[in-house]
Amino acid sequence: MSNAEVTSTTMSIKDFEIGKPLGKGKFGHVYLARTRKEEFLVALKVLHKAQLIKDDMAHQLRREIEIQANLNHKNILKMYTYFYDEQRIFMVLEYAPRGELYKSLTKAGRFDEPKSSTYALQMVDALEYCHQNDVIHRDIKPENILIGYNHELKISDFGWSVHAPSSKRKTLCGTIDYLPPEMLNHQTYDKNVDLWCLGVLVYEFLVGKPPFESAETATTYQKIKAVEFEYPDYVSSEARDFISKLLVFTPSERMPLAVARGHPFITKHNSSNDNNTTTTTTNGN
Ligand code: AK1
């Protein structure tokens with residue numbers, strides 16, 4: 001292959017017009033960007049190689065890119081491509097025009113049951129697709145979910161995801177609110193960890209805070225291991241039943257996704273409930 005061919009197929013930062021910052025993290029920032037040629041809106045995540053190497057994250061990023069390249073689902077944030085220069089790695093991501101779910105949840109306080117149910121079904125769709133492709137997300141929480149133009153949830157940030165099954169020990173950073181008992185105990189775990197996280201997530205949709213939240217991390221830890229939580233009075237019996245069948249200590253006894261899809265909490269609020277996997281992404285342009 002000639003050099004001209006190589007350079008013509010490789011994107012560079014020059015191919016984009018950079019817009020407003022969308023977010024910032026330890027490893028770099030995310031910007032709204034537009035391809036100069038097609039005028040197509042994307043989110044451009046800029047990661048600093050030095051920081052990734054310092055924190056021994058290069059292998060993790062490689063795995064994320066590998067996993068992302070093979071997933072195509074309307075409820076999973078698409079990674080279109082990536083490229084790099086001397087100092088940085090650029091991830092070209094689908095732009096989610098309605099932003100981050102945690103912001104939307106903070107603003108609303110909590111979501112009503114129809115909205116929580118619709119969102120829950122979208123998560124069931126996304127996770128079922130992941131599991132069919134032997135991918136465990138492991139880090140389902142509002143901070144890692146974005147909202148598309150038509151209010152569709154999009155799971156993002158596969159930085160912690162793995163191919164199933166796994167016993168990989170990872171440094172637990174940030175909140176432990178979403179960690180299932182088997183991950184707290186450093187046992188081997190499987191796709192059932194995502195079922196637990198789905199239970200925590202749906203509880204947080206309806207109540208506005210995760211079920212095991214405490215001022216002290218040690219207390220959260222104990223509550224998770226004892227599966228100790230309460231429902232406020234306004235949570236319906238269908239919602240309680242749905243959550244209680246996911247927040248089960250023994251991983252293999254948690255409600256499977258195929259069963260969750262047909263649960264009254266889901267069917268009551270979602271009329272057509274078909275599972276459409278390959279959808280072409282449209283730009284919120
Ligand atoms: C999607 C993201 C590792 C991996 C550090 C990572 C979301 C990631 C980016 C947005 C689209 C926003 C909007 C609208 C508002 F080395 N995938 C990500 S971040 N639309 N934000 N995207 S915000 F692997 F450990 C590592 C280190 C980061 N990966 N992935 O950040």
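Indexing begins at 1, ligand by ligand and atom by atom, following the structure's order. Position 1 is the first residue of the sequence; numbering continues from there. Please read these numbers as outputs of a predicted model, since none were measured by experiment.
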Worksheet item: Can you list the residues that meet the side-chain contact (heavy atoms from CB on, under 4.5 Å) rule with Thr118, with sequence neighbours excluded?
Response: Gln122, Asn270
Discussion item. If only side-chain N and O atoms count, and only distance matters, is there a donor-acceptor pair under 3.5 Å linking Glu38 with Thr35?
Written reply: yes
Worksheet entry | Ala96, any N or O under 3.5 Å of ligand 1 N or O | yes
Practice prompt. May I ask you to identify the nearest protein heavy atom to atom 10 (C) of ligand 1, giving residue, atom name and distance to one decimal place in Å?
Written response: Leu146 CD1, 3.6 Å
Discussion item. Students should be able to answer this: which protein heavy-atom is nearest to atom 16 (F) of ligand 1, and at what distance?
Written reply: Met57 O, 3.2 Å
Item to complete: Quick one: pull up CG in Leu179 and CZ in Arg138 and give me the separation to the nearest 0.5 Å.
Response: 10.0 Å
Fill in: For Lys245, salt bridge (charged side-chain N to carboxylate O under 4.0 Å, His left out) partners two or more places apart
Asp241
Worksheet item: Around atom OH of Tyr84, are there more than 12 heavy atoms of other residues, nucleotides or ligands at under 6.0 Å?
Response: no
Discussion item. Quick test: of every protein heavy atom, which one is nearest to atom 28 (C) of ligand 1, and how far off is it to 0.1 Å?
Written reply: Leu47 CD2, 3.8 Å
Discussion item. Quick test: of every protein heavy atom, which one is nearest to atom 5 (C) of ligand 1, and how far off is it to 0.1 Å?
Written reply: Phe27 CD1, 3.4 Å
Worksheet entry | Which of the ligand 1 atoms, numbered from 1, are nearer than 4.0 Å to a heavy atom of Ala43 | 11 (C), 20 (N), 22 (N)
Worksheet item: Looking at atom 17 (N) of ligand 1, what's its closest protein heavy atom, distance included?
Response: Asp157 N, 3.5 Å
Worksheet entry | Nearest protein heavy atom with distance in Å, relative to atom 21 (N) of ligand 1 | Val30 CG1, 3.7 Å
Worksheet item: Relative to the heavy atoms of Leu52, which atoms of ligand 1 are at a distance of less than 4.0 Å?
Response: 16 (F), 27 (C)
Discussion item. When you compare the side chain of Leu44 with that of Val30, does any pair of heavy atoms fall below 4.5 Å?
Written reply: no
Worksheet item: Which atoms from ligand 1 have a heavy atom of Glu94 less than 4.0 Å away?
Response: 11 (C), 20 (N)
Worksheet item: Quick one: do the Ser214 and Lys223 side chains pair a donor with an acceptor below 3.5 Å?
Response: yes
Fill in: Pi-cation contact, Tyr203 with Arg240 (under 6.0 Å, within 45°)
no
Worksheet item: Looking only at heavy atoms of Met91, does any of them come nearer than 4.0 Å to an atom of ligand 1?
Response: yes
Worksheet, complete the sentence: Under 4.0 Å between heavy atoms, the region of Leu77 that gets near ligand 1 turns out to be side chain
Practice prompt. Counting heavy atoms only, name the option from Gln60, Arg62, Lys45, Glu64 that's nearest to atom 30 (N) of ligand 1.
Written response: Glu64
Item to complete: Anything under 30° is parallel, anything over 60° is perpendicular, the rest tilted; go ahead and classify Phe40 against Tyr80.
Response: perpendicular
Worksheet item: Under 4.0 Å from any heavy atom of Ser156, which atoms of ligand 1 are there?
Response: 1 (C), 2 (C), 7 (C)
Item to complete: State whether Tyr149 and Arg98 meet the cation-pi test: NZ (Lys) or CZ (Arg) under 6.0 Å from the six-membered ring centroid, and within 45° of the perpendicular axis.
Response: yes
Fill in: Atoms of ligand 1, numbered as shown, that sit under 4.0 Å from any heavy atom of Leu61
3 (C), 4 (C), 16 (F), 24 (F)
